[in-house]
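Working notes, structure below.
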Amino acid sequence: MKRVTVIGGGTMGNGIAHVCAQGGLDVTLVDLDADALERGLQTIRKNLERQAKKGRIEASEVEATLGRIRGETDVATGVAQADLVVEAVPEKAELKYSLFRTLDEAAPESAILASNTSSISITEIAARTNRPERVIGMHFMNPVPVMQLVEVIRGLATSDETTEAVMALSRDLGKTPVEVNDFPGFVSNRVLMPMINEAVFALMEGVAEPEAIDTVMKLGMNHPMGPLTLADLIGLDTCLNILEVLHRELGDDRYRPSPLLRKYVAAGWLGRKSGRGFYTYDA
Ligand SMILES: CC(=O)CC(=O)SCCNC(=O)CCNC(=O)[C@H](O)C(C)(C)COP(=O)(O)OP(=O)(O)OC[C@H]1O[C@@H](n2cnc3c(N)ncnc32)[C@H](O)[C@@H]1OP(=O)(O)O
Ligand SMILES: NC(=O)C1=CN([C@@H]2O[C@H](COP(=O)(O)OP(=O)(O)OC[C@H]3O[C@@H](n4cnc5c(N)ncnc54)[C@H](OP(=O)(O)O)[C@@H]3O)[C@@H](O)[C@H]2O)C=CC1
């Protein structure tokens, strides 16, 4: 695999492009919005410079890595030469279904189409294409350059060859892939999101202030960051979308999203990416 196209230059897409380019692949980063694309490319530069400043990579690697990434605002053009496409657009099922129809038409027949979805069924996404055996979940964790895990999700029709290719690539990128079956929220968000949601309920019910909730989980459970800080890192819109998938698909009230989470999203308080969530952030 040599050429990877990442669709979506947001929180996850720029991180996926970053690690793929660092792994020596030729990367095309696609975002329909030229400003969003530029922000994504700038974030990659900032994160590479931080890695160089900390001595994690050679200074010369910054420009060399950036040189392997080109930006594109047209999806069909961006995927025309791809061996692998990794989709990282917002967590909305209809958006992903329609995008995968386009990818199926525009990408080479042999290309693997992967989704970075947090919770949406890979089987359902694959069913929108004529190549369900080459559709798979390749779920990176945030922040992508730092986190070890890639959750690899097999849809019902995903072939062994596709799974093996994505597991091998994840290892080549220095990650540890774990294979799981297709089920709402897979393993990661089936377990993580109820904890985050419960923290938001605790805040809503006045059990404690955000800082206290986070400190309890950090110092009491040794989590690297508290659940509300983590929700701000993930994006509150993304958290809400994932909880809605869990609630709808598993049909159990324990996954109902907190009304306070809904209110924050409605207000545009999306966490770090919008400058305000449970906490406030510099631009
Ligand atoms: C929603 C989904 O579908 C799935 C998900 O992704 S859920 C979210 C999963 N992620 C988590 O749970 C993250 C939990 N938090 C953490 O692990 C840590 O708090 C953290 C790694 C994010 C930050 O760690 P920290 O010690 O608090 O901060 P900091 O010292 O600034 O960063 C640690 C290292 O990461 C690096 N880093 C942080 N963000 C980075 C980024 N975006 N790019 C590159 N490097 C980054 C820092 O440079 C630092 O590097 P060194 O160890 O080489 O010095
Ligand atoms: N945030 C996280 O911690 C994690 C998220 N994920 C998953 O990754 C995916 C992306 O999430 P995240 O990066 O947080 O989302 P963001 O909202 O940060 O980024 C999404 C990007 O996709 C762009 N976009 C929207 N529609 C299209 C399109 N049709 N074609 C190309 N680009 C498009 C958006 O542009 P614009 O802003 O202009 O609409 C935006 O730049 C989701 O499925 C999410 O569940 C997985 C792991 C962790």
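Order of appearance sets the numbers: ligands from 1, and atoms from 1 within every ligand.
Counting only residues at least two apart or in different chains, side chain to side chain donor-acceptor pair (under 3.5 Å) contacts with residues 219-232 comprise D214-T229, D232-Y281.
For atom 17 (O) of ligand 1, a protein non-hydrogen atom is found at a distance below 4.0 Å. For atom 23 (C) of ligand 1, the nearest protein heavy atom lies 4.0 Å away or farther. Within a 4.0 Å radius of atom 38 (C) of ligand 1, the protein contributes at least one heavy atom. Distances from atom 32 (O) of ligand 1 to the protein include no heavy-atom value under 4.0 Å. In this structure, atom 41 (O) of ligand 2 is in close contact with the protein, since a protein heavy atom lies within 4.0 Å of it. Within a 4.0 Å radius of atom 37 (O) of ligand 2, the protein contributes no heavy atom. Of the protein's heavy atoms, at least one falls inside 4.0 Å of atom 54 (O) of ligand 1. When distances from atom 26 (O) of ligand 1 to the protein are checked, no heavy atom turns up under 4.0 Å.
A salt bridge is absent between E133 and R131; no separation between the charged side-chain nitrogens and carboxylate oxygens falls under 4.0 Å. For the pair R45 and E49, the salt-bridge criterion is met [side-chain N within less than 4.0 Å of a carboxylate O]. We find that D160 and R154 are joined by a salt bridge, their nearest charged nitrogen and carboxylate oxygen being less than 4.0 Å apart. Using a cutoff of 4.0 Å between basic side-chain nitrogens and carboxylate oxygens, E91 and K96 are scored as salt-bridged.
When K96, E87, E91, K273 are ranked by how near their heavy atoms come to atom 15 (O) of ligand 2, first place goes to K273. Comparing L230, N47, I57 by heavy-atom distance to atom 42 (N) of ligand 1, the nearest is N47.
The shortest contact between atom 19 (O) of ligand 1 and any protein heavy atom is with M225 CE, 3.4 Å. Residue, atom and distance of the protein heavy atom nearest to atom 29 (P) of ligand 1 are K54 NZ, 4.7 Å. Ranking protein heavy atoms by distance to atom 52 (O) of ligand 1, first place goes to R56 NH2, 3.7 Å. At the shortest separation from atom 44 (C) of ligand 1 among protein heavy atoms lies P145 CB, 3.6 Å. Counting protein heavy atoms only, atom 41 (C) of ligand 1 is closest to R50 NH2, 3.2 Å. Remark: minimum distance from atom 5 (C) of ligand 1 to any protein heavy atom is reached at M141 SD, 3.6 Å. Closest protein heavy atom to atom 7 (S) of ligand 1: L192 CD2, 3.5 Å. Here the heavy atom of the protein found nearest to atom 2 (C) of ligand 1 is N189 ND2, 3.4 Å.
At a heavy-atom cutoff of 4.0 Å, ligand 1 is contacted by the side chain of I234 but not by its backbone. At a 4.0 Å heavy-atom cut-off, ligand 2 touches T11 through backbone and side chain alike. At a 4.0 Å heavy-atom cut-off, ligand 2 touches T238 through the side chain alone. Using a 4.0 Å cut-off between heavy atoms, D33 contacts ligand 2 through its side chain alone, with no backbone atom that close.
Here is the list of ligand 1 atoms found below 4.0 Å of a heavy atom in V146: 21 (C), 35 (O), 36 (C), 37 (N), 38 (C), 39 (N), 40 (C), 45 (N), 46 (C). Proximity to L32 (heavy-atom distance under 4.0 Å) selects the following atoms of ligand 2: 28 (C), 29 (N), 30 (N), 31 (C), 32 (N). Atom numbering of ligand 2 starts at 1 in the shown order; those under 4.0 Å from a heavy atom of F140 are 47 (C). Less than 4.0 angstrom separates some heavy atom of S118 from each of these atoms of ligand 1: 2 (C), 3 (O). Those atoms of ligand 1 that come under 4.0 Å of a heavy atom in N142, given as number and element, are 6 (O), 8 (C), 9 (C), 10 (N), 11 (C), 13 (C).
Enclosure of atom CZ in F183 is not indicated, since only 12 or fewer non-hydrogen atoms of other residues, nucleotides or ligands lie within 6.0 angstrom.
Taking a 4.0 Å cut-off on heavy atoms, T117 registers as neighbouring ligand 2. Within the structure, the closest approach of H139 to ligand 1 falls below 4.0 Å when heavy atoms are considered. Under the 4.0 angstrom criterion for non-hydrogen atoms, P90 is in contact with ligand 2.
The minimum heavy-atom distance between T5 and A82, with the atom names listed, is OG1-CB, 3.5 Å.
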